[in-house]
Amino acid sequence: MRSTVSGYSALSKAHKFSAAGLVTAAGAAALTFALVPQAQAADAHSVGVKTVSLSAQEFGVTQDAELAKAADAAAGQAQVKAAAAVQAEAKAKADAAAKAKADRERASRSEARKPMKPAAKPAAKPAPAKPAAKPAPVKKAYADNLDGWINESLDILRAKGIPGSYEGIKRNIMRESTGNPQAINDWDVNAVNGVPSKGLLQIIDPTFKAYHVEGTSWDIYNPVANITASCNYAADKYGSMDNVNSAY
């Protein structure tokens, strides 16, 4: 326990024994004071008190120095701990920031590695509208008689570039068969030779086959086929059926 007297500290057990010895010595000095002259007693007393006072003061100063040194050491340790705590906190913050940065970079690389979605296919172009089918040509109707047969034959002749006229064709038909598509000559030279003249314009089989016009029937008795083949033959031999005025 610290002494209440300034400059002194609590004494240990050994110090207490020393102090007791000093007190005893002081008593002995007092006894001597009574026996020796007053001047000597004063000198002895002065010397003894001075010794006790210096020893206690030195002890107190030493104790204070040790306590101050311990306090300084504790303060230094506290400062070291505080600095270490600050460094640890700063390091923790730096580590957290580095980890966050690494996570962001990792996420960015992962995003970059994601396969890109294929570009959307362009909408298919609508198929071009097919042109409207041309209506089938209406077949021209012809009367099933001499007038109709001649007109149908004339249309075929014009398409093939073969000359002839309605009047020239009809005139020769009336002379050769009187308009009978089944007519046959069984008395002239052709008949004698086995190739009788047949049909509206009395043409023989070899001539019909040689001058047959494509698109007409191969039947020599067919009125249109008979007229068309006969006109084709007449155009080749006489220039046109219009130039035939007798047996040809």
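Of all the heavy atoms in Ala229 and Phe208, the pair that sits closest is CB-CD1, 3.7 Å. Among all heavy-atom pairs drawn from Asn190 and Ser197, the shortest one is ND2-OG, 3.5 Å. Closest of all the heavy-atom pairs between Met241 and Ile169 is CG-CA, 4.3 Å. Looking at every heavy atom in both residues, Val224 comes nearest to Trp149 through CG2-O, 4.0 Å. Closest approach of Leu154 to Gly164, counting heavy atoms only: CD2-O, 3.8 Å.
Residues passing the ring-ring contact (aromatic ring centres under 6.0 Å, His included) test with Trp187: none are found, sequence neighbours excluded. With sequence neighbours left out, the side chain to side chain donor-acceptor pair (under 3.5 Å) criterion links Tyr248 to no other residue. Listed by chain and residue number, Arg104, Glu105 satisfy the side-chain contact (heavy atoms from CB on, under 4.5 Å) test with Lys101 (two or more places apart in sequence, or in another chain). Scored by the side chain to side chain donor-acceptor pair (under 3.5 Å) test, Lys99 finds Asp103 as partners (sequence neighbours excluded). With sequence neighbours left out, Ser177 forms a side chain to side chain donor-acceptor pair (under 3.5 Å) with no residue at all. The side-chain contact (heavy atoms from CB on, under 4.5 Å) check on Lys160 picks up Ile156, Ile162, Val213, Glu214, with sequence neighbours excluded.
Pairs engaging residues 222-231 under the side chain to side chain donor-acceptor pair (under 3.5 Å) rule: Ser153-Thr228 [sequence neighbours left out]. Sorted by first and then second residue, the salt bridge (charged side-chain N to carboxylate O under 4.0 Å, His left out) pairs with a member in residues 228-242 form an empty list; sequence neighbours excluded. Residue pairs meeting the salt bridge (charged side-chain N to carboxylate O under 4.0 Å, His left out) criterion with at least one member in residues 169-189: none, sequence neighbours excluded. Within the structure, every pair that satisfies the side chain to side chain donor-acceptor pair (under 3.5 Å) test and touches residues 70-93, not counting sequence neighbours, is listed here: Lys91-Asp95. Residue pairs meeting the salt bridge (charged side-chain N to carboxylate O under 4.0 Å, His left out) criterion with at least one member in residues 140-154, sequence neighbours excluded, are Lys140-Asp155.
Atom CD1 in Ile227 sits 4.0 Å away from atom CD1 in Ile173 (nearest 0.5 Å).
Although no hydrogens or angles enter the test, the distance criterion places a donor-acceptor pair under 3.5 Å between the side chain of Asn232 and the main chain of Tyr211. Between the side chain of Ser165 and the backbone N or O of Gly168 there is at least one donor-acceptor pair closer than 3.5 Å. A distance-only check finds a donor-acceptor pair linking the side chain of Asn180 to the backbone of Gln182 [under 3.5 Å]. Asn243 places a side-chain N or O within 3.5 Å of a backbone atom of Tyr238 that can act as its donor or acceptor partner. Judged by distance alone, the side chain of His212 and the main-chain N or O of Ser217 form a donor-acceptor pair under 3.5 Å.
Under the 4.5 Å side-chain criterion, counting only non-hydrogen atoms from C-beta, Pro223 is in contact with Leu200.
Hydrophobic clustering keeps Val195 apart from Ile184 (ILVMFWY residues linked when any side-chain heavy atoms are closer than 4.5 Å, directly or through intermediates). Both Tyr166 and Met174 belong to a single network of hydrophobic side chains, linked directly or stepwise wherever heavy atoms of I, L, V, M, F, W or Y lie under 4.5 Å apart. One hydrophobic cluster, built from ILVMFWY side chains closer than 4.5 Å, cannot hold both Ile220 and Tyr233; they sit in different ones.
No option in Ile204, Asp205, Ile203 other than Asp205 meets the side chain to side chain contact (heavy atoms under 4.5 Å, CB included) test with Lys198.
Val192 shares a hydrophobic cluster with no other residue; no ILVMFWY side chain has heavy atoms under 4.5 Å from its own.
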